[in-house]
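Okay, so here's the structure we're looking at.
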Amino acid sequence: MLRRLMMALAAVLSLSSSLVAQKVPTPREHLGFDIGEDRVLANWDALTSYYEELGKTSQRVLVDTLGLTTMGRPFVMLTITSPANLARLDEIRDMQLRLADPRRISDRAELERLLDQGKTIVLITQGIHATEVGASQMSANLAYELATSDDPRILEILDNVVVLQIPSLNPDGLQWVADWYDEHVDTEFEASPLPWLYQFYTGHDNNRDWYAFTQKETILTVERAHNAWHPQIVHDVHQMGAYGARIFVPPYVEPWEPNVDPALVTAVTQMGTYMAAELTAEGKKGVVFSGIYDAFTPARAYMHYHGGARILSETASATLATPVTIPQRRLSAGRNYDAARRSWNFPDPWPGGDWHLSDIVEYQEAGALALLTNAAKNRRYWLENFYGINKRAVDKWDEWPDAWIIPAGQQNDEGISYALRSLTMGDVEVYRAQSGFSVDNLSFPAGSYVIPMRQPYASFANTLLQVQHYPDLRQYPGGPPQRPYDVTAHTLGYLMDFEAVAVDGEIDAPMEGPISQSDFEFHLPAHLVGPDAPKVAIYKSWQEPIAAGWQRWVFDQHALPYDTLHDADIRAGELADYDVLILQAQSARSIVDGFRPGQVPPEYVGGLGERGTSQIRSFVQRGGRLVAVEDATDFAVQLLGLGVRDATSGLDDTEFYIPGSILRAELSPGSDVTEGLDPETAVWFWGSSRAFAVDDPRVRVLARYGFGDPLLSGWALGGEHLSGAPAILEAQVGAGSVVLFGFQPNYRAQSVGTWPLLFNSMRR
Ligand SMILES: [Zn+2]
């Protein structure tokens with residue numbers, strides 16, 4: 001508050017901004033090197049100290065620590081705009097929140113005032129994927145430019161736009177990657193990969209958390225940036241492979257998720273093509289748009305359900321900060337374009353050559369400035385379009401039901417509490433009926449949750465509660481599937497095992513609410529708690545798969561005790577102390593061989609090897625229980641010599657392809673793994689999942705994929721190949737046993753419905 005008062009005072013005294021600008025240090029003055037220099041990365045400690053300095057010296061920059069990251073580092077947001085705007089920031093934010101909820105606007109005159117006086121709110125998020133190093137470096141240059149330049153283009157931006165800049169969405173990963181690189185630069189391991197996940201639990205999946213909201217960084221961004229401001233534009237700055245276009249900007253390719261407002265689709269398209277036009281006009285070669293990336297899953301696009309345009313940019317990578325040389329003949333094709341050929345959506349091919357971190361930083365900064373220029377010049381359009389999107393939601397789309405009901409009395413408070421947390425954290429208004437009621441010829445008991453669809457973020461509720469029908473897109477008619485960029489299903493009711501019903505008509509019942517944000521409550525099964533609980537070991541490879549990270553998160557979240565065993569621990573015989581060993585989804589090759597010599601420093605080379613493998617075999621023979629998930633089941637089958645094979649191996653993707661969909665499965669009774677569960681359940685299936693074929697009397701089938709085509713939500717080509725195929729197996733081996741999961745029982749910490757299967761499999 002004091003700072004704002006002082007800034008207001010400074011504005012009143014009309015201190016010349018150029019006079020103040022002289023005191024603002026350049027990144028070079030503060031860090032000791034230029035951003036983008038070959039073989040140099042600023043780490044998070046250095047960057048945060050720079051942002052603190054910017055906040056102290058610039059009248060245009062406000063620096064806030066929104067909270068702490070997973071590993072306890074500061075999570076920072078810069079608010080950058082003109083000093084006059086900073087002095088009335090609360091008023092600007094209030095205007096924005098009124099435009100976000102048209103129910104709060106009393107008449108046309110008020111709307112006119114908001115459209116006239118409001119500012120375009122732009123959130124720029126950088127560096128979520130920590131090995132895509134450019135964005136978090138570029139952020140210092142961009143902030144400096146905005147903080148100091150008196151160029152008319154920058155002043156126009158500052159007058160018309162409030163820039164919210166999160167210079168790293170993953171500070172822990174930035175610190176790890178920069179320090180790892182710094183430790184190995186100028187050695188033979190300069191280009192070696194970080195041998196652990198660059199977000200502690202979720203690795204690269206950290207940008208697929210935008211409706212489950214599991215990680216601290218996600219929660220801070222949603223609560224303190226998205227929901228606090230509801231920005232019209234969100235610019236998410238990434239990097240892609242080295243051998244294609246130099247930079248991607250929207251439009252995205254098909255499909256768009258059908259609950260995104262058409263005027264948001266066109267807003268994304270106009271912004272992306274504007275950026276492409278500016279970049280190309282500046283002489284930047286290799287700009288592609290309308291290629292590569294689709295816009296289907298809300299897991300990557302919170303803003304598309306909250307009135308905001310998601311403007312992804314993806315710039316070609318170097319090797320961290322080490323330059324690469326790409327010969328023209330190595331340039332390759334991607335979806336909807338070919339980097340070696342000129343086309344309407346790739347009009348100026350890059351000819352190949354050297355590619356430096358400085359090129360990445362320069363392209364990204366030019367992209368961000370083009371975006372901000374559009375946001376400034378078209379301020380009124382962005383505000384009016386934002387209002388229009390929210391107004392149509394409040395008036396309800398014809399395609400939407402009048403309400404969604406989550407009936408009371410479903411015996412699954414845990415799954416429902418997870419879903420309610422997602423909805424309410426996503427600013428959806430949820431009510432609770434205080435009496436029973438009938439609507440649409442259906443009766444619901446008192447205590448049922450009601451989500452009326454005439455509200456600003458109804459699209460978020462609709463996409464999460466309805467079933468997905470992903471379009472059957474092929475590369476050419478009758479050809480292989482056009483691969484989705486991410487998964488194709490996100491139906492919370494299936495993932496979290498509850499029923500949600502779409503109804504039309506008036507609901508006549510007293511309502512309590514909107515309910516406040518509820519916490520997710522999950523109780524561990526009794527056999528995992530207390531002195532008789534099994535001793536659990538989790539295998540942690542130096543190539544740890546993301547699925548293992550998500551599993552650690554679930555275990556930590558529920559205080560489930562376990563120990564982490566690395567390859568060397570298992571080779572040294574430490575398994576003898578444990579009852580259960582879990583191998584999450586990982587290929588047999590990666591488990592056994594790990595990194596090759598020369599790829600990483602020697603202490604991270606190799607996997608379990610022969611020695612570790614035989615330790616696991618004797619662990620099972622002596623009475624241990626091995627639990628293996630998805631492709632790690634290949635390893636377990638080989639290890640124990642089971643008569644089990646992958647039933648769909650040999651089918652090509654025109655015959656069989658399930659890219660992240662939810663399937664029906666049937667659980668067999670009479671096993672302690674399936675005990676207490678509904679015999680009909682929904683399971684998660686994707687590329688690393690397995691359907692088994694069994695020819696071994698020792699093996700019991702504990703679950704099968706549904707008969708016929710088991711697809712419930714998403715997309716499945718040749719789903720009937722799974723008809724009735726075994727999905728969970730159990731076998732006695734020696735004095736011990738093994739449980740094989742063909743599907744992923746813990747899909748991104750969301751599939752609460754199948755968690756009990758995983759927990760039940762963890763027994764002595
Ligand atoms: Zn990325």
Side-chain angles (χ1 to χ4, degrees), residues 41 44 69-70 123-139 142 165-178 180-181 193-194 196-212 214-215 217-218 221 234-250 252-253 268 272 275 286-289 291-304 309-321 324 334-335 355 357 359-361 363-365 367-368 371 483-487 545-546 549-550 660 748:
L41 290 174
W44 186 235
T69 66
T70 303
L123 170 63
I124 304 182
T125 57
Q126 288 150 320
I128 192 164
H129 293 150
T131 50
E132 300 165 11
V133 292
S136 291
Q137 306 292 308
M138 175 278 271
S139 64
L142 179 66
Q165 196 188 351
I166 297 184
S168 173
L169 276 174
N170 180 10
D172 299 332
L174 168 56
Q175 187 76 27
W176 285 334
V177 168
W180 174 265
Y181 183 77
L194 188 73
W196 59 87
L197 296 175
Y198 57 56
Q199 197 277 357
F200 183 67
Y201 291 117
T202 64
H204 195 76
D205 267 359
N206 59 348
N207 77 328
R208 283 123 167 108
D209 193 34
W210 298 108
Y211 67 81
T214 63
Q215 302 302 303
E217 297 80 6
T218 320
T221 306
V234 181
H235 185 28
D236 196 25
V237 189
H238 286 247
Q239 281 171 227
M240 56 185 175
Y243 293 92
R246 295 301 91 188
I247 190 169
F248 159 85
V249 288
Y252 304 108
V253 288
V268 167
M275 292 166 74
V287 178
V288 69
F289 51 95
I292 316 174
Y293 300 93
D294 64 41
F296 190 79
T297 176
R300 297 193 306 132
Y302 182 81
M303 60 299 276
H304 282 170
R310 177 176 194 242
I311 308 297
L312 171 71
S313 79
E314 297 266 0
T315 304
S317 293
T319 303
L320 300 177
V324 291
R335 185 169 172 196
W355 189 249
L357 178 60
D359 295 314
I360 298 169
V361 165
Y363 270 63
Q364 288 177 335
E365 190 177 354
L371 175 137
R483 291 175 176 269
Y485 191 71
D486 197 44
V487 302
I546 292 170
W550 282 118
R748 292 179 184 162

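Order of appearance sets the numbers: ligands from 1, and atoms from 1 within every ligand. Owing to the predicted nature of the structure, the values given are computational and were not obtained by experimental measurement.
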With a 3.5 Å cut-off and no angle check, do the side chains of Gln364 and Ser313 form a donor-acceptor pair?
-> no
Does Glu314 bring an N, O or S atom to under 2.8 Å of the Zn ion (ligand 1)?
-> no
Indicate whether any N or O donor in one side chain lies under 3.5 Å from an N or O acceptor in the other, for Thr70 and Glu217.
-> yes
Which pair of heavy atoms, one from Leu320 and one from Thr131, lies closest together, and at what distance?
-> CD2-O, 3.5 Å
Under 30°, 30 to 60°, or over 60°: which ring-plane class applies to His129 and His204, parallel, tilted or perpendicular?
-> parallel
For the Zn ion (ligand 1), find the closest N/O/S atom on His238 and give its atom name.
-> ND1
Please name the atom of His129, restricted to N, O or S, that is closest to the Zn ion (ligand 1).
-> ND1
